[in-house]
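Below, read A as the first sequence line, B as the second, and so on, with proteins coming before strands; counting in each chain starts at 1.
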Amino acid sequence: MHLAMLLQMAADGMSDRVAVGTLAAPMTMAELGEGSMRVGSFLAAQRGDRVGLIDLNSEAIPLTLFGAALAGKPFVPLNYRLTDDQLRSIVARIAPATIVVGEGIAARLGDLEDIVVVTRQELLAVARDAGQPLADPYGGDPESIAVLLYTSGTTGEPKAAVLRHRNLASYILSTVEFAGAAPDEAALVSVPPYHIAGLSAVLSSTYAGRRIVYAETFEPASWVSLVRSERVTHAMVVPTMLNRILDVVDVVDHGGLPSLRIVSYGGGPMPAEVIGRAMELLTGVDFVNAYGLTETSSTIALLGPEDHREAFASGDSAVRARLGSVGRPLPTVTVTIRGPGGEPLPTGQRGEIWVQGEQVSGEYLGAGAGAADGWFHTRDAGHLDQAGFLYVHGRLDDVIVRGGENLSPGEIEAVLVEHPAVLAAAVVGVPDTEWGEKVVAAVILADGAHASEDELRNFVRARLRSTKTPERIQVRAELPFNETGKLLRRVLREELAAAFVSPIAS
Amino acid sequence: MDLKPGVRLRSPVCEVEAIVIKAPPTSIDLRCGGHPMLAIDATPPAASTAEPGFDGGSALGKRYTDGEGTLEVLCTKPGPSSLSVGDKLLQIKEAKPLPSSD
């Protein structure tokens with residue numbers, strides 16, 4: 001199945017529904033279908049084998065995504081927050097290509113060989129131009145590449161994950177009911193277009209018949225006001241966004257978010273107190289925790305609204321703990337936990353999360369298929385409980401090896417944030433002459449709160465064992481997160497090593 | 001005919017089009033309106049009509065199965081004729097809806 005066909009079905013079967021836009025400036029499914037076909041023929045005639053995009057959110061995102069699909073060229077949305085040098089280097093890698101750009105981007109790119117730049121305004125004009133020919137509505141081969149996504153690169157050189165049409169289409173077909181959205185549903189999309197969640201939001205909403213409302217970029221006060229003015233019913237947020245949204249609703253204006261029905265969250269561990277606070281403040285809202293990776297075409301496991309309520313209300317600590325899980329795997333994927341040699345581990349034991357399914361690509365550009373044996377090795381640490389709930393414990397590469405013992409930063413971080421003075425915590429390993437690596441931490445304290453380093457260390461030691469107790473803890477004003485809420489551990493590791501490691505050990 | 005996932009087909013008697021989601025490795029007598037379905041780019045024969053009992057219609061976006069879990073097709077263009085394997089009508093697959101996660 002090809003993404004162009006999903007669009008065609010939506011344009012044919014739900015032609016009058018609004019696909020994207022505000023209540024005042026709606027674009028219908030029929031208009032999105034026709035606009036994408038114009039953009040498709042335009043992009044097909046442009047130079048280059050790929051269609052890049054460097055821009056904030058706007059209706060140009062679905063038009064370019066579907067237009068590229070119709071043109072038979074991979075869509076490559078790039079991170080506009082990269083430095084000019086990084087951006088130029090990635091753009092050079094995708095050449096020859098046509099790049100759709102937002103304001104100010106063309107000047108940042110300068111002249112690059114085999115790169116044609118089209119502004120957002122020019123692209124929108126093409127989509128409205130009745131004189132522009134229409135692309136063949138049904139794109140091409142489902143095996144062809146739909147999207148290249150440069151992963152966030154928290155650990156080094158960025159690499160491009162390959163998502164084929166059949167991966168993304170199979171995710172949509174297995175998770176979304178065609179035209180299943182109620183006519184008044186609207187999804188607020190504030191994650192950036194180069195994030196897998198930004199792309200899956202377009203595809204899911206289009207196939208479900210749900211209006212997309214774009215926030216150009218995430219800002220908590222304008223997010224809250226958009227939810228109210230646009231009567232938004234659905235939204236996806238990453239953990240750092242949710243807490244800031246709750247601050248606006250709770251502390252600033254007490255206005256509530258009455259139109260909101262479902263908030264899904266993912267993209268990193270959600271502190272239990274934040275989701276608990278959300279469930280108390282936003283009564284009437286259903287919460288969905290989604291776990292997925294770029295390489296799996298988005299969600300592979302879900303903790304649904306019923307699971308949330310049951311866990312939140314339960315006196316049984318095992319059930320209550322499910323709030324910290326990512327729920328159960330989707331019926332169309334298989335998840336298993338494996339040891340370092342690839343051996344299956346018993347239920348409850350921690351290992352590497354492996355996943356299999358039609359939506360799973362696991363493939364990187366120039367590196368062949370990562371899922372050659374049918375299993376994608378996620379490099380995420382995790383375990384499954386007796387009831388089939390999946391728990392994620394961070395990246396395997398972040399595991400600290402201290403004197404031959406494997407320590408999971410997530411476990412230590414979870415204890416640190418239980419301390420009333422601690423707002424956020426991050427734990428990493430830094431070089432140590434005696435142990436190979438030693439455990440160190442950085443914490444942000446709550447406003448006006450105080451806790452000494454010794455007090456925090458004793459707090460961890462009392463709950464875990466001494467080998468898991470950070471040898472040093474740094475109190476900081478902020479932690480290095482990227483804009484989608486992912487902790488930049490490599491950066492933190494360097495900073496803490498500089499603070500806590502004598503030059504000889506490093 | 002031999003079907004495999006991704007293969008697109010059209011009805012010989014009306015506008016119905018479908019795409020194969022899942023298929024057994026064996027040959028399947030997939031029909032629409034009681035007549036064998038055609039490749040998507042084939043020209044339908046003139047003036048054929050649906051057989052009685054195969055005119056209940058196919059709905060856009062619905063998934064149809066043979067009830068045995070081996071064959072599944074998605075209707076990508078609706079029309080007045082029904083899908084069947086031989087004389088046995090396909091059934092709409094009632095999907096258990098997942099909560100929206102994106």
Side-chain angles (χ1 to χ4, degrees), chain A residues 1-2 5-6 8-10 12-14 138 141-143 165-166 169-170 173-181 185 187 189 191 196-205 207-210 233-234 236 261-262 264-266 286-292 298-299 302-306 330-331 358, chain B residues 2-11 14-25 30 32 37-44 57-66 68-81 83 90-102:
Chain A
M1 184 101 171
H2 196 276
M5 187 174 290
L6 300 182
Q8 194 60 39
M9 288 170 68
D12 283 352
M14 302 180 277
Y138 288 127
D141 185 358
E143 281 301 321
H165 283 275
R166 66 175 162 79
S170 134
L173 290 184
S174 61
T175 59
V176 184
E177 177 75 8
F178 179 76
E185 286 185 13
V189 179
V191 288
I196 181 65
L199 298 181
S200 56
V202 171
L203 302 175
S204 292
S205 296
Y207 199 65
R210 182 179 303 124
T233 58
H234 290 57
M236 190 273 170
R261 293 171 202 164
I262 290 193
S264 63
Y265 60 93
D286 281 346
F287 289 91
V288 176
N289 183 5
Y291 165 67
S298 191
T299 305
L302 278 182
L303 186 76
E306 267 315 302
L330 300 183
E358 276 289 307
Chain B
D2 289 328
L3 299 177
K4 55 176 193 180
V7 166
R8 294 173 54 214
L9 301 161
R10 61 164 303 162
S11 167
C14 70
E15 306 77 40
V16 166
E17 289 180 7
I19 186 165
V20 178
I21 302 295
K22 193 156 96 177
L30 184 63
C32 185
M37 287 195 86
L38 308 172
I40 192 74
D41 50 4
T43 313
S58 300
L60 179 63
K62 290 293 178 196
R63 299 210 257 176
Y64 292 85
T65 68
D66 59 356
E68 288 157 30
T70 55
L71 176 74
E72 187 173 322
V73 299
L74 172 72
C75 174
T76 56
K77 212 165 236 187
S81 311
L83 298 163
L90 297 186
Q91 304 298 316
I92 287 183
K93 180 182 179 182
E94 299 295 348
K96 199 173 69 177
L98 290 167
S100 166
S101 66
D102 45 34

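When all heavy atoms of A:Val176 and A:Ala208 are compared, the closest pair comes out as CG1-CB, 3.6 Å. Residues B:Val73 and B:Ala18 come closest through the heavy atom pair CB-CB, 4.5 Å. A:Pro305 approaches A:Val288 most closely through the heavy-atom pair CD-CG2, 3.9 Å. Summarising the geometry of A:Leu302 relative to A:Ala290, their closest heavy-atom pair is CD2-CB, 4.0 Å, with the distance given to 0.1 Å.
For B:Ala23, the side-chain contact (heavy atoms from CB on, under 4.5 Å) test picks out B:Leu3, B:Val20, B:Leu71, with sequence neighbours left out.
Side chains of B:Leu60 and A:Met9 form a contact here, defined as non-hydrogen atoms less than 4.5 Å apart.
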Going through the checks in order, is the side chain to side chain contact (heavy atoms under 4.5 Å, CB included) test met by A:Leu330 and B:Leu98? CA-CA 9 Å; A:Leu330 300 183; B:Leu98 290 167; 4.0 Å; yes
Candidate pair B:Leu30 and B:Leu90, rule side chain to side chain contact (heavy atoms under 4.5 Å, CB included), full reasoning: CA-CA 9 Å; B:Leu30 184 63; B:Leu90 297 186; 3.9 Å; yes
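Note: B:Gly61 leads B:Pro5, B:Gly6, B:Gly61 in heavy-atom pairs under 4.5 Å with chain A.
For B:Leu74, the part sitting under 4.5 Å from any heavy atom of chain A is the side chain, from C-beta outward, and nothing else. Looking at A:Leu173, the atoms closer than 4.5 Å to chain B (heavy atoms on both sides) sit in the backbone and in the side chain alike. Residue A:Ala201 touches chain B through both its backbone and its side chain, counting heavy-atom pairs closer than 4.5 Å. Only the side chain of B:Ile19 comes within less than 4.5 Å of a heavy atom of chain A; its backbone N, CA, C and O stay farther away.
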Kindly provide each donor-acceptor pair between chain B and chain A shorter than 3.5 Å, listing atom names and distance.
residue: B:Lys62; atom: NZ; partner: A:Glu177; partner atom: OE2; Å: 3.3
residue: B:Arg63; atom: NH2; partner: A:Leu173; partner atom: O; Å: 2.7
residue: B:Ser101; atom: O; partner: A:Ser264; partner atom: OG; Å: 3.0
residue: B:Ser101; atom: OG; partner: A:Thr299; partner atom: OG1; Å: 2.9
residue: B:Asp102; atom: OD1; partner: A:Ser204; partner atom: OG; Å: 2.7
residue: B:Asp102; atom: OD2; partner: A:Tyr171; partner atom: OH; Å: 2.6
residue: B:Asp102; atom: OD2; partner: A:Ser200; partner atom: OG; Å: 3.0
residue: B:Asp102; atom: OD2; partner: A:Ser298; partner atom: OG; Å: 3.3

